[in-house]
Visitor: 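One structure, as structure tokens, below. Some questions next.
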Amino acid sequence: MQVFDTLQELGHEQVVLCSDPITGLRAIVAIHNTSLGPALGGTRMWSYASDADAITDALRLSRGMTYKAAVSGVNLGGGKAVIIGNPHKDKSEGLFRAYGRFVETLRGRYITAEDVGTSVRDMEWIRMETRFVTGVGGNGGSGDPSPVTALGVYSGMKAAAKKVYGSDSLSGKRVVVQGAGNVATYLVQSLAKEGAHVFVSDIYAEKAEALAASTGATVIAPEAVFTTPCDIFSPNALGAILNDETIPQLTCAIVAGGANNQLKEERKHAEALRDRAIMYAPDYVINAGGLMNVASEVDGYNRDKVMRQAESIYDITMNILNIAAERNILTIEASNAIAEDRIMKMRHVHGNYIGTPSIRGER
Ligand code: NAD
């Protein structure tokens with residue numbers, strides 16, 4: 001791996017390797033861009049096959065956080081960290097406190113949170129060594145982000161419906177929801193309340209059945225999500241599920257879901273959806289409610305404000321869909337362009353000296 005070439009190509013500012021042999025810590029903190037504010041992003045713990053895989057994941061995920069924050073109007077930059085290890089076997093107080101001290105050395109350039117393989121308890125260990133951590137329990141903590149994420153997905157889905165059908169009502173629309181987990185549960189509740197015909201699936205049939213029983217949705221088999229006739233397909237399970245095999249099978253007019261990195265290859269598969277006249281509501285735009293939720297913790301958590309912010313994903317999505325239509329570009333290109341434009345303009349704004357010298361270099 002040509003490390004510096006890769007960093008410059010992807011636009012990263014800083015990558016920190018953290019090692020502590022006594023506790024077994026091997027961590028990588030990737031700070032992609034801090035033009036808008038401190039880089040916020042979770043810490044993932046995973047048994048990576050190689051160090052290069054771990055670095056690649058940290059680079060890819062941190063860049064995604066920059067775009068997500070920028071497009072959703074949050075004053076945060078993009079960062080992400082990975083800890084190399086098995087989350088079921090290798091966790092300890094020492095490991096997370098050693099990691100917390102490395103986060104502290106960055107003095108607020110990077111703020112961490114939970115991610116795949118880490119939990120509230122791990123964040124509380126990190127919190128013993130640094131205040132630059134969100135997602136801790138107790139007073140002032142933001143708690144479960146899923147209801148906020150689901151509200152954003154629902155709002156973005158309604159904007160897409162307005163664009164495609166001329167009305168944002170989802171009443172009577174057939175919506176296939178992949179996954180019956182945290183986000184899907186709150187999403188399906190809202191859809192059912194509005195009178196949509198919802199089809200749910202999960203690889204754990206009992207999860208889909210429980211969600212269907214409480215909402216009146218219909219259970220379908222996991223492999224049926226791509227072929228069940230519907231108006232809207234909502235992926236809320238895994239990434240890369242929009243690909244060469246699945247896109248030709250889709251029957252929907254809209255894809256709008258909460259899963260991260262839905263397009264296996266961003267440009268190629270966004271084009272494949274457009275060629276099939278399927279409107280794609282960009283994943284990182286409509287699932288930004290979770291980020292809004294933890295971001296609020298940085299300034300003092302306010303649930304009402306966060307819910308209003310998540311609802312604003314309707315307008316953010318509509319703007320993106322309008323720009324894509326006006327300029328005849330992909331929806332993902334429109335959202336990327338809006339994010340890059342905001343970063344460029346705020347970098348310029350912050351370049352203006354405002355006459356308050358600070359030894360801490362605050363903006
Ligand atoms: P979750 O683990 O609670 O739910 C995911 C569900 O998908 C699980 O029930 C799992 O069994 C199911 N699943 C896995 N593979 C499947 C398949 N092939 N077919 C059907 N179901 C399958 O996770 P979550 O918190 O609800 O998150 C869902 C997605 O949204 C993830 O991609 C996550 O990264 C993304 N996301 C979540 C949040 C949040 O606030 N929780 C925020 C932003 C993005």
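Computed from a predicted structure; not experimentally measured. Counting convention: from 1, in listed order, for ligands and their atoms alike.
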Visitor: Counting each atom of ligand 1 from 1 as listed, which ones have a heavy atom of Ser146 under 4.0 Å away?
Guide: 40 (O), 41 (N)
Visitor: With a 6.0 Å cut-off (strictly less than), is the heavy-atom count around CZ of Arg26, excluding the residue itself, greater than 12?
Guide: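 Counting neighbours around CZ of Arg26, 12 or fewer heavy atoms of other residues, nucleotides or ligands fall under 6.0 Å, so no.
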Visitor: Mind checking whether Lys162 and Tyr314 have side chains closer than 4.5 Å, heavy atoms only?
Guide: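 They are in side-chain contact.
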Visitor: Are the aromatic ring centres of Phe226 and Phe233 under 6.0 angstrom apart?
Guide: yes
Visitor: Return yes if a side-chain donor-acceptor contact under 3.5 Å exists between Thr112 and Thr43, otherwise no.
Guide: yes
Visitor: Less than 4.0 Å from atom 32 (O) of ligand 1, is there any heavy atom belonging to the protein?
Guide: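 So far as the 4.0 Å threshold goes, atom 32 (O) of ligand 1 is in reach of a protein heavy atom.
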Visitor: For atom 26 (O) of ligand 1, which protein heavy atom lies nearest, and how many Å away is it?
Guide: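 Answer for atom 26 (O) of ligand 1: Val183 N, 2.9 Å.
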Visitor: For the side chain to side chain donor-acceptor pair (under 3.5 Å) test, which of Asn336, Asn260, Asn261 pairs with Tyr284?
Guide: Asn336
Visitor: Counting only heavy atoms from other residues, nucleotides and ligands, does the tally under 6.0 Å from CZ of Arg131 exceed 12?
Guide: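 Check fails, neighbour count at 12 or below.
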Visitor: Just to verify, which of Ile247, Ile241, Leu242 counts as forming a side chain to side chain contact (heavy atoms under 4.5 Å, CB included) with Val255?
Guide: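 Going through Ile247, Ile241, Leu242 one by one, the side chain to side chain contact (heavy atoms under 4.5 Å, CB included) with Val255 is satisfied by Leu242 alone.
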Visitor: Just which atoms of ligand 1 are under 4.0 Å from any heavy atom in Ala259?
Guide: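 Those atoms are 29 (C), 30 (O), 32 (O), 35 (C).
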Visitor: Considering only the protein, which heavy-atom contact is closest to atom 28 (C) of ligand 1, and what is its distance?
Guide: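 Among all protein heavy atoms, the one nearest atom 28 (C) of ligand 1 is Asn236 O, 3.3 Å.
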Visitor: Report yes if some N/O of Gly258 lies less than 3.5 Å from some N/O of ligand 1; otherwise report no.
Guide: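 There is such a contact, yes.
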Visitor: Around atom 40 (O) of ligand 1, find the nearest protein heavy atom and jot down its residue, atom name and distance.
Guide: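 Checked against all protein heavy atoms, atom 40 (O) of ligand 1 sits closest to Thr149 OG1, 2.6 Å.
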Visitor: Nearest heavy atom to atom 22 (C) of ligand 1 wins, so pick from Pro235, Ala237, Ala205.
Guide: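 The option holding the nearest heavy atom is Ala237.
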Visitor: Going by the atom numbers of ligand 1, which of them fall below 4.0 Å from some non-hydrogen atom of Gly179?
Guide: 7 (O), 20 (C), 21 (N)
Visitor: Polar-atom distance check: Leu238 versus ligand 1, any N or O pair below 3.5 Å?
Guide: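 Min N/O separation from ligand 1 is not below 3.5 Å for Leu238.
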Visitor: By side chain to side chain contact (heavy atoms under 4.5 Å, CB included), which residues pair with Ile55, not counting sequence neighbours?
Guide: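 Here the qualifying residues are Met1, Ile28, Leu59.
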Visitor: Would you say CG of Asp51 has more than 12 non-hydrogen atoms from neighbouring residues, nucleotides or ligands within 6.0 angstrom?
Guide: no
Visitor: Does Ser214 use its side chain to pair, donor to acceptor, with the backbone of Leu211 at less than 3.5 Å?
Guide: yes
Visitor: Does Asn260 reach ligand 1 with a nitrogen or oxygen that is under 3.5 Å from one of the ligand's nitrogen or oxygen atoms?
Guide: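 Min N/O separation from ligand 1 is below 3.5 Å for Asn260.
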Visitor: Heavy atoms only: which of Val294, Val177, Leu211, Asp202 is nearest to atom 20 (C) of ligand 1?
Guide: Asp202
Visitor: Using a strict 4.0 Å cut-off to heavy atoms of Gln178, name the atoms of ligand 1 that fall inside it.
Guide: 17 (C), 18 (N), 19 (N), 20 (C)
Visitor: Around atom 17 (C) of ligand 1, find the nearest protein heavy atom and jot down its residue, atom name and distance.
Guide: Ile203 CG2, 3.7 Å
Visitor: Does Gln2 CD have over 12 foreign heavy atoms under 6.0 Å away?
Guide: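 Count not over threshold, so no.
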Visitor: Can you name the atoms of ligand 1, numbered from 1 with element, that are less than 4.0 Å from a heavy atom of Pro145?
Guide: 40 (O)
Visitor: Pairing donors with acceptors under 3.5 angstrom, does anything connect the side chains of Tyr67 and Glu340?
Guide: yes
Visitor: Is it the side chain, the backbone, both or neither of Asn182 that has a heavy atom closer than 4.0 Å to ligand 1?
Guide: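 Within the 4.0 Å criterion, Asn182 contacts ligand 1 through backbone and side-chain atoms alike.
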Visitor: Distance under 4.0 Å to a non-hydrogen atom of Tyr204: what atoms of ligand 1 satisfy this?
Guide: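 Counting atoms of ligand 1 from 1, those under 4.0 Å from Tyr204 are 11 (O).
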Visitor: What atoms of ligand 1 come closer than 4.0 angstrom to any heavy atom of Lys207?
Guide: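 Atoms satisfying the 4.0 Å criterion: 8 (C), 9 (O).
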Visitor: What protein heavy atom sits nearest atom 43 (C) of ligand 1, and how far away is it?
Guide: Asn287 O, 3.6 Å
Visitor: What protein heavy atom sits nearest atom 4 (O) of ligand 1, and how far away is it?
Guide: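 Of the protein heavy atoms, Gly181 CA, 3.2 Å lies nearest.
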Visitor: Got more than 12 heavy atoms from elsewhere within 6.0 Å of CZ, Arg97?
Guide: yes
Visitor: Closer than 4.0 Å and a protein heavy atom, does any atom meet both conditions relative to atom 11 (O) of ligand 1?
Guide: yes
